[in-house]
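Structure first, then comments.
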Amino acid sequence: MILPRAFYLREDVVQIAIDLLGKYLITEIDGERTVGKIVETEAYRAPEDKASHAYNYRRTPRNEHMYAEGGTAYVYICYGIHHLFNVVTNVRDIPHAVLIRAVEPVENVELMLLRRNRSVLQPKITAGPGAAGVAMGIRVGHSGLDLTSVDSPIWLEDRNLKLEENEIIASPRVGLSTAEEWTGIPWRFRVKNSIFTSKPK
DNA sequence: AAGAGGATGAACT
DNA sequence: GTTCATCCTCTTG
C-alpha cells in the first residue's frame with residue numbers, strides 16, 4: 001500500500017523518521033523501476049532545529065519545498081555533487097523533513113549498480129544519502145513531487161514489514177557543524193542488523 | 001559582484 | 001586518517 005497523506009501529516013517528525021525504517025522507496029524513472037528498503041533516516045525539525053535548512057523559518061528558493069504539505073519530496077544538492085532526498089512532513093508551512101540516508105537494494109539491483117558505475121553488490125552501493133540518491137535515480141528536478149500521487153515517479157510503500165523496537169538504533173546526526181547544541185541529539189535512526197547503512201558518527 | 005562553504009563520498013596514504 | 005572533487009546557493013559589500 002502507498003503511504004497515505006495522513007502518515008506524513010503527523011506532528012512528530014522524529015516518530016515519522018523511525019516509522020519510515022522498513023518502508024519501501026520506489027522510483028520509476030525513464031521507464032525503469034527500482035525499489036529500496038529504507039534502513040537509515042534522519043529527522044530535521046525546523047524552525048527550532050539549527051541543523052535544518054529552514055532554521056528559524058529561513059526561506060529561500062532552494063528550500064521552498066520544505067514548507068509544502070507533508071508527503072512532498074525535497075531534494076537538494078550538497079557539496080555540489082550529491083542529490084539528497086528528503087520527505088517533507090507535517091502540515092503546510094511547518095518545515096519538518098526526514099532525510100533518507102540509506103536503503104537496501106530490493107528490485108532491479110543491476111540498474112542500481114549501473115547507475116553507481118559498479119559491478120559488484122556491496123553495502124556502499126546504497127549506504128549514505130548521496131549514494132542512495134544516485135542508485136535510485138533521484139535528482140534535484142524531483143524536488144516538489146507529491147509522493148502520495150499515483151502519477152508520481154517516486155513514492156513510498158508499506159509492505160507490512162514490522163520492526164521491533166530493539167531492531168532500531170538511534171544515534172547523533174552527522175555532517176553538522178560542531179558546537180551546535182543540536183548536534184548531539186539522537187535523531188538519526190538505523191536498522192540494527194542491516195549492513196546497508198552508512199557509518200556511525 | 002564576489003566569495004565562502006555545505007545534512008558527502010571516493011580515492012588516496 | 002586525510003584530501004579533494006565540484007557547483008550552486010546564500011551572504012555580504
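These numbers come from the heavy atoms of this one structure, side chains and all, not from hydrogens, waters or symmetry mates. Just so it is clear: chains get the letters A, B, ... in the order the sequence lines come, proteins before strands, and each one is counted from 1.
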Rounded distance (Å) that lies between atom [atom2] of [N] and atom [atom1] of [X]:
X       : N     : atom1 : atom2 : value
A:Ile77 : B:dA7 : CD1   : C1'   : 14 Å
A:Tyr44 : B:dG6 : OH    : P     : 13 Å
A:Tyr79 : B:dG6 : OH    : P     : 6 Å
A:Ile81 : B:dA7 : CD1   : P     : 14 Å
A:Tyr74 : B:dG6 : OH    : C1'   : 11 Å

(request) Can you sort out which residues in residues 83-91 of chain A have a heavy atom within less than 4.0 Å of DNA chain B? Ascending by number, please. (result)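 Contacting residues: A:Leu84, A:Asn86.
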(message) Test: salt bridge (Lys or Arg N to Asp or Glu O under 4.0 Å). Region: residues 136-150 of chain A. Which pairs qualify, not counting sequence neighbours?
(response)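 Those involving residues 136-150 of chain A are A:Arg5-A:Asp146.
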(request) Determine which bases of DNA chain C form Watson-Crick or G-U wobble pairs with both distances under 3.5 Å, and write the result as a 5' to 3' dot-bracket string with | for other-strand partners. (result) |||||.||||||.
(request) Measure the CD1-CG distance between A:Ile38 and A:Leu20 for me, rounded to the nearest 0.5 Å. (result)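 Reported value, rounded in 0.5 Å steps: 5.0 Å.
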(message) Quick check for you: to the nearest 0.5 Å, what is the distance between A:Met136 atom CE and A:Ile29 atom CD1?
(response)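 If we round to the nearest 0.5 Å, A:Met136:CE and A:Ile29:CD1 are 7.5 Å apart.
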(request) Could you identify which residues of residues 56-70 of chain A place a heavy atom less than 4.0 Å from some atom of DNA chain C, listed by residue number, or say none? (result)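 DNA chain C contact set from residues 56-70 of chain A: A:Arg58, A:Thr60, A:Pro61, A:Arg62.
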(message) Would A:Ile138 and A:Thr27 count as a side-chain contact (heavy atoms from CB on, under 4.5 Å) here? Give the steps.
(response) CA-CA 8 Å; A:Ile138 295 171; A:Thr27 65; 4.1 Å; yes
(message) Any side-chain to backbone donor/acceptor pair from A:Asn90 onto A:His96? Under 3.5 Å, distance only.
(response)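 A pair under 3.5 Å: no.
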(message) Going 5' to 3' along DNA chain C, which are the first and last nucleotides with any atom under 4.0 Å from a heavy atom of chain A?
(response)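 Boundary nucleotides touching chain A, in 5' to 3' order, are C:dA5 to C:dT11.
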Nearest heavy-atom pair of [X] and [Y]: which atoms, and what distance?
X        : Y        : answer
A:Ala46  : A:Ser52  : CB-OG, 3.5 Å
A:Val39  : A:Glu104 : CG1-OE2, 3.6 Å
A:Phe85  : A:Ile154 : CZ-CG2, 4.1 Å
A:Leu113 : A:Ser119 : CD1-O, 3.9 Å
A:Gln122 : A:Phe196 : O-CE2, 4.0 Å

(request) For the residue pair A:Tyr74 and A:Tyr76, categorise the inter-ring angle as parallel (less than 30°), tilted (30 to 60°) or perpendicular (more than 60°). (result)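 It falls in the parallel class, under 30°.
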(message) For a 4.5 angstrom cut-off between non-hydrogen side-chain atoms, does A:Arg159 reach A:Val35?
(response)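 Yes, close enough: below the 4.5 Å cut-off.
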(request) Run the salt-bridge test on A:Asp12 and A:Arg45 with the 4.0 Å N-O cut-off and return the result as yes or no. (result)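 Looking at A:Asp12 and A:Arg45, the cut-off is not met.
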(request) Run the salt-bridge test on A:Glu42 and A:Arg101 with the 4.0 Å N-O cut-off and return the result as yes or no. (result)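 A:Arg101 and A:Glu42: salt-bridged.
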(request) Ignoring hydrogens and angles, answer whether the base of B:dA7 and the side-chain atoms of A:His82 contain a donor-acceptor pair closer than 3.5 Å. (result)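 Absent.
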(message) By the definition side chain to side chain contact (heavy atoms under 4.5 Å, CB included), identify the one residue from A:Val98, A:Val88, A:Ile94, A:Ile18 that meets it with A:Val13.
(response)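 Exactly one candidate clears the test, A:Val98.
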(request) Tell me whether the guanidinium CZ or amine NZ of A:Arg10 lies under 6.0 angstrom from the six-membered ring centre of A:Phe7 and within 45° of its axis. (result)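 Geometry flag: set, cation within 6.0 Å and 45°.
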Taking only N/O atoms, report every protein-nucleotides 10-13 of chain B pair under 3.5 Å with atom names and distance.
residue, atom, partner, partner atom, Å
B:dA10, OP1, A:Arg116, NH1, 3.0
B:dA10, OP1, A:Arg116, NH2, 2.7

